[in-house]
Protein chains: 2
Amino acid sequence: MSTPAKRNTWQREAVREALGHNDGFVSAQALHAVLREGGSPIGLATVYRALADLATADEADSLQSPDGENLFRACTSSGHHHHLICRSCGLTVEIEAHAVEAWAQDVAAEHGFTAAQHVVDVFGLCAACTKLAAH
Amino acid sequence: MSTPAKRNTWQREAVREALGHNDGFVSAQALHAVLREGGSPIGLATVYRALADLATADEADSLQSPDGENLFRACTSSGHHHHLICRSCGLTVEIEAHAVEAWAQDVAAEHGFTAAQHVVDVFGLCAACTKLAAH
DNA sequence: ACTCATATTGACAATCATTATCAATAAGCC
DNA sequence: GGCTTATTGATAATGATTGTCAATATGAGT
Ligand SMILES: [Zn+2]
Ligand SMILES: [Zn+2]
Ligand SMILES: [Zn+2]
Ligand SMILES: [Zn+2]
């Protein structure tokens, strides 16, 4: 019952590359659409599976958008960080938040909570999308 | 196109009360089940609508669980705030985070983002659950 | 209390992201 | 080249949420 052997398929690699060519967070559906438009016959379920694998292998970051979608992004920095995300085009900026890290620790400790984790994401409209939205 | 007048129905009040009788975050489905078990013939769609209204009226807090469900909770303190939640028993503490509010605004503005929103939640083990977990 | 214009309800259908099926395929190993 | 079995992908299934719309109830006006 050891770890089931992983195999290398062009599908996995295609998803990895497609993620890498994208700056922001993308949904599985969107990534699948991009791949198909690029001529790949890859299946939707496979994209979902590949993204889930990449996320558990810490090769991709994942978060849920305000409307419940699961979004993925190629992992650039390996350390702990947070994101500023355009909810229109997906443009993402990695942000440091030392003050927030400390605050989270403190507030948890103050109330006797242990093993504290936190979810901190900022969503907005990037400069470009803000202009577009202004007709 | 002024604001459409709101009417008071026993359904709205039932949802409000059911929320108040619950300490932690609950899903619309769960709250509907509780109400029906209590003898109320309220409809599921109505519970969804009532909860959405309460949330927009800042009478209830909402957040999405790690698996994508929308959860609601009666609001004890008024105004914008965040939550410290025990991931074992659901105990919830409302927390102020003025520093985080300012940080979120600044970081968004610094990168030219507008209409910034943020998701900030702290999950951990409360004091009681920490003791239990210590065998 | 009666009327009326309309906000609200609720059973049900529709949507939408995600997951489960499962036969067909292909990766890695001999 | 064969064998084992992880992987794929078309499709069905799931499950939470939202839309539909006729029937109902609310609140203001009389
Ligand atoms: Zn944008
Ligand atoms: Zn952090
Ligand atoms: Zn607890
Ligand atoms: Zn805040």
Side-chain angles (χ1 to χ4, degrees), chain A residues 1-19 22 24-57 59-73 85 87 90 123, chain B residues 1-19 25-57 59-73:
Chain A
M1 275 258 80
S2 52
T3 306
K6 289 281 179 183
R7 294 176 182 177
N8 296 329
T9 65
W10 62 264
Q11 287 95 333
R12 291 260 171 77
E13 195 50 38
V15 170
R16 215 192 310 259
E17 273 202 23
L19 252 200
N22 199 306
F25 278 88
V26 210
S27 69
Q29 305 267 359
L31 200 62
H32 178 245
V34 169
L35 284 164
R36 293 292 274 253
E37 282 173 21
S40 173
I42 193 171
L44 176 59
T46 301
V47 175
Y48 271 100
R49 286 185 286 239
L51 286 175
D53 286 350
L54 289 175
T56 53
E59 286 189 59
D61 239 334
S62 70
L63 58 79
Q64 30 184 295
S65 73
D67 55 356
E69 273 183 324
N70 262 34
L71 305 182
F72 299 84
R73 179 170 188 267
I85 305 145
R87 64 171 152 265
F123 295 87
Chain B
M1 54 157 281
S2 55
T3 304
K6 290 281 178 183
R7 294 176 182 178
N8 296 329
T9 65
W10 63 264
Q11 288 95 334
R12 291 262 171 78
E13 195 49 39
V15 170
R16 215 192 309 258
E17 274 202 22
L19 253 200
F25 280 88
V26 210
S27 69
Q29 304 266 359
L31 200 63
H32 178 245
V34 169
L35 285 164
R36 294 294 273 252
E37 284 174 19
S40 174
I42 193 172
L44 177 59
T46 302
V47 175
Y48 272 99
R49 287 185 286 240
L51 286 174
D53 286 350
L54 289 175
T56 52
E59 288 189 59
D61 290 321
S62 68
L63 58 81
Q64 37 183 293
S65 73
D67 55 358
E69 272 183 323
N70 263 44
L71 304 183
F72 299 84
R73 180 172 185 271

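Heavy atoms only: backbone and side chains are in, while hydrogens, waters and symmetry mates are out. Just so it is clear: chains get the letters A, B, ... in the order the sequence lines come, proteins before strands, and each one is counted from 1.
In terms of the side chain to side chain donor-acceptor pair (under 3.5 Å) criterion, residue partners of B:E13 (sequence neighbours excluded) are, by chain and number, B:R16. Not counting sequence neighbours, the partners of B:E69 by the side-chain contact (heavy atoms from CB on, under 4.5 Å) test are B:S27, B:S65, B:D67, B:L71. The ring pair (Phe, Tyr, Trp, His ring centres under 6.0 Å) check on A:F25 picks up A:H83, with sequence neighbours excluded. Every side-chain contact (heavy atoms from CB on, under 4.5 Å) that B:Y48 has, sequence neighbours left out, goes to B:A28, B:Q29, B:L44.
The list of salt bridge (Lys or Arg N to Asp or Glu O under 4.0 Å) pairs with a residue in residues 43-54 of chain B, not counting sequence neighbours, reads B:K6-B:D53, B:R12-B:D53.
Taking the nucleotide of DNA chain D with the nearest heavy atom to each of A:R36 and A:D53, the more 5' of the two is matched to A:D53.
An end-to-end axis angle of 40° holds for the helix from C:dA1-D:dT30 to C:dC30-D:dG1, taken from five base pairs per end and rounded to 10°.
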| request: For side-chain contact (heavy atoms from CB on, under 4.5 Å), just list the numbers for A:I85 and A:L63, CA-CA rounded to whole Å, side-chain angles, deciding distance to a tenth of an Å, and then say yes or no. | output: CA-CA 11 Å; A:I85 305 145; A:L63 58 79; 3.4 Å; yes
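Side-chain atoms of B:F72 and B:V15, non-hydrogen and from C-beta on, never get closer than 4.5 Å to each other. A:L19 is listed as a side-chain neighbour of A:L51, based on a closest heavy-atom distance under 4.5 Å.
Between B:Q64 and D:dA16 there is no side-chain N or O to OP1 or OP2 distance below 4.0 Å.
Whole-Å rounding puts the A:H32 NE2 to D:dT8 C1' distance at 12 Å. We find that CZ of B:R12 is positioned 20 Å from P of D:dT24, with the value rounded to whole Å.
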| task | Let me have a per-nucleotide readout for nucleotides 13-24 of chain C, 5' to 3', with B, S or -, counting only protein heavy atoms under 4.0 Å. | result | ----SBB-B---
| Can you give one letter per nucleotide of nucleotides 25-30 of chain C, 5' to 3': B if a protein heavy atom sits under 4.0 Å from the base, S if only from the sugar-phosphate, - if neither? | -BBS--
Please list, one pair per line, the donor and acceptor atoms closer than 3.5 Å that link side chains of residues 33-40 of chain B to other protein atoms, with sequence neighbours excluded.
unit_1, atom_1, unit_2, atom_2, d
B:R36, NH1, B:H32, NE2, 3.2
B:R36, NH1, B:I42, O, 2.5
B:S40, OG, B:I42, N, 3.3

